[in-house]
Amino acid sequence: MITRHVALVIALALPACGARTELTASAVPDARVAFDVVDAPDGRDVVDAADAPDVIDARDVFDAPATVDAPVIVDTPPAVDGSARCGDRVTDPGEQCDYGASNGRRLSLTLSQPGRPQVAIRPVVTRASVGQFYDYRSASAHTGYELPSTATLMLHVNTVDNQLSLVMVMGRDGNLGLSPAQPEADVEVLFTGLPQGSVRVVSDDDGELEFTSPTAARGRWRFDDNSDGCAIGSLTWSSSWRIVIEPTYRSGITAARFIDGAGTVRTLSLRESVVIEHRAGDRTCLDDCTLSRCGDGVVDADERCDDGNVQSGDGCAADCARIE
Ligand SMILES: [Ca+2]
Ligand SMILES: [Ca+2]
Ligand SMILES: [Ca+2]
Ligand SMILES: [Ca+2]
């Protein structure tokens, strides 16, 4: 086995800021990055695993800035011996795919707010319809996630028919006798970008959530010592959509959060809109030129779930196409 040393030269371009500064080639330092290239038994060069960039794991993707739509592919120079590389749009030996600049994850469901990273989210899963989950009575929701002075958003999936819904609850039912009580509240929320076919399942109370077009709805809620909110159902899995939720909390709500079905509670900014996005599509080519797949633990655009295996009966079907 022969080890050689190959130097790659990456020119760093610095963004102009403030006063105009002309950068000359000599003023830009070269960054020399060395990789060990090992001659594989079949004669191909492969980057030594110890020096190769780490494969991006799911956590890195979720914490990274929102680059799902437009993955940034650094256009590295071709290897000095002319060998192939991941990102050159050619599926070379050892690669499952290579879409060039289009390589990268496309996550099924994500949450974001302006200036914050886009994160993968999962629905809250129950065996009940979303109407049963909302459990509207005594003019209030009873999902179990109600809190006084708090707005809670979540997605819900019914395991019986895999219906996907958006749920918003604010405040808490005073008839439960819990303390503190929900103070007098006044909230307006605009929902835009709803997928075609979305339906109002619960308007808590009657007339307080109205569709203004097939893809937009407006909620106007005033409540005191109980809860208010809505459930919007029949969100399609089969096409991509991007719902923008613009709340105006005039009084009575001092905190907002998103309940992630994976067990995470994400604090939301009260003053910013909330974007919930679904990407549908086929398997994608990842940054390491492998295909996204069911069982890799990341819920990709062609999947409804991915529990890291390809077995059914454990909450996610063997083909990742059904939440159980
Ligand atoms: Ca390639
Ligand atoms: Ca109510
Ligand atoms: Ca997957
Ligand atoms: Ca499974």
Side-chain angles (χ1 to χ4, degrees), residues 55-62 68 96-97 103-110 120-122 125 131 134-143 145-152 157 159 162 167-176 181-189 200-210 219-231 237 251-253 261-262 278-288 290-324:
V55 174
I56 296 173
D57 67 17
R59 188 70 209 171
D60 290 339
V61 173
F62 301 161
V68 175
Q96 295 178 343
C97 54
N103 288 347
R105 285 275 185 199
R106 286 164 54 92
L107 301 172
S108 174
L109 290 168
T110 57
I121 52 171
R122 299 189 186 197
V125 176
Y134 196 96
D135 194 11
Y136 176 68
R137 55 191 157 85
S138 67
S140 298
H142 300 87
T143 66
Y145 293 104
E146 291 74 22
L147 281 180
S149 304
T150 301
T152 300
V157 161
T159 57
N162 266 222
V167 176
M168 183 171 193
V169 293
M170 296 169 286
R172 184 169 60 193
D173 184 3
N175 288 350
L176 296 173
Q182 169 62 42
E184 191 171 330
D186 183 347
V187 177
E188 179 171 353
V189 183
R200 179 181 61 190
V201 179
V202 181
S203 171
D204 173 0
D205 305 288
D206 282 350
E208 292 185 321
L209 178 83
E210 299 286 356
R220 183 67 198 273
W221 292 286
R222 296 181 181 86
F223 50 107
D224 181 3
D225 197 29
N226 70 9
S227 87
D228 255 345
C230 65
W237 286 105
S251 63
I253 294 293
H278 169 58
R279 305 298 299 271
D282 298 323
R283 295 173 75 184
T284 52
C285 191
L286 307 182
D287 289 329
D288 62 358
T290 60
L291 283 166
S292 63
R293 61 181 174 82
C294 175
D296 64 6
V298 179
V299 188
D300 297 289
D302 61 324
E303 299 164 349
R304 295 183 185 181
C305 55
D306 190 326
D307 57 359
N309 63 47
V310 287
Q311 291 149 20
S312 292
D314 57 359
C316 180
D319 60 0
C320 296
R322 183 174 179 80
I323 298 172
E324 300 171 315

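Keep in mind that what you see is a predicted model, and the values were worked out from it rather than measured. Atoms within a ligand are numbered from 1 in the order they appear, just like the ligands themselves.
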Out of the N/O/S atoms in [X], what is the name of the one closest to the Ca ion (ligand 3)?
| X | value |
| --- | --- |
| D296 | OD1 |
| D300 | OD2 |
| D306 | OD2 |

- Shortest-distance N, O or S atom of D228 relative to the Ca ion (ligand 2):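 Minimum-distance N/O/S atom of D228 relative to the Ca ion (ligand 2) is OD1.
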
*Nearest to the Ca ion (ligand 2), which N, O or S atom of D204 do we find?*
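Going by distance to the Ca ion (ligand 2), the closest N, O or S atom in D204 is OD1.
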
Practice prompt. Examine N226 and say whether one of its N/O/S atoms is closer to the Ca ion (ligand 2) than 3.0 Å.
Written response: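 It does not: N226 brings no N, O or S atom closer than 3.0 Å to the Ca ion (ligand 2).
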
- Message: So if I apply the side-chain contact (heavy atoms from CB on, under 4.5 Å) rule between R172 and each of N175, L176, V169, which one comes out positive?
- Response: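 Only match with R172 under side-chain contact (heavy atoms from CB on, under 4.5 Å): L176.
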
In T159, V125, D314, the residue satisfying side-chain contact (heavy atoms from CB on, under 4.5 Å) with E324 is D314

Worksheet item: For H142 and D173, what are the C-alpha separation, side-chain angles and deciding distance, and is it a side-chain contact (heavy atoms from CB on, under 4.5 Å)?
Response: CA-CA 8 Å; H142 300 87; D173 184 3; 2.7 Å; yes

* To do: Answer yes or no: is there a donor N or O on one side and an acceptor on the other, between the side chain of S227 and the main chain of A141, under 3.5 Å?
  => yes

TODO: Please list, in chain and residue-number order, the protein N/O/S atoms closer than 3.0 Å to the Ca ion (ligand 4).
DONE: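 Near the Ca ion (ligand 4), the protein supplies D307 OD1, D307 OD2, N309 OD1, Q311 O, D314 OD1, D314 OD2, C316 O.
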
Using 3.0 Å as the threshold, say whether any N, O or S atom from V298 sits that close to the Ca ion (ligand 3). yes

- Message: Quick check for you: with the Ca ion (ligand 2) as the vertex, what angle do O of A139 and OD2 of D205 span, to 10°?
- Response: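 Between O of A139 and OD2 of D205, at the Ca ion (ligand 2), the angle is about 120°.
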
### Task
Only one of D306, D302, D300 passes salt bridge (Lys or Arg N to Asp or Glu O under 4.0 Å) with R105; say which it is.
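Only match with R105 under salt bridge (Lys or Arg N to Asp or Glu O under 4.0 Å): D300.
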
Between G295 and C320, which heavy-atom pair has the shortest distance, and what is it?
->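 The pair with the smallest heavy-atom distance is N-SG, 3.8 Å.
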
Any chance you could lay out the salt bridge (Lys or Arg N to Asp or Glu O under 4.0 Å) test for D224 and R222, step after step, and finish with the verdict? CA-CA 7 Å; D224 181 3; R222 296 181 181 86; over 6 Å; no

When you look at D204 and Y134, which way does the side-chain contact (heavy atoms from CB on, under 4.5 Å) test go after all the steps?
-> CA-CA 10 Å; D204 173 0; Y134 196 96; 2.9 Å; yes

With a cut-off of 6.0 Å (strictly less than), are more than 12 heavy atoms of other residues, nucleotides or ligands near CD of E188? yes

Sorted by chain and residue number, the side chain to side chain contact (heavy atoms under 4.5 Å, CB included) partners of A185 (sequence neighbours excluded) come out as Q182, F223

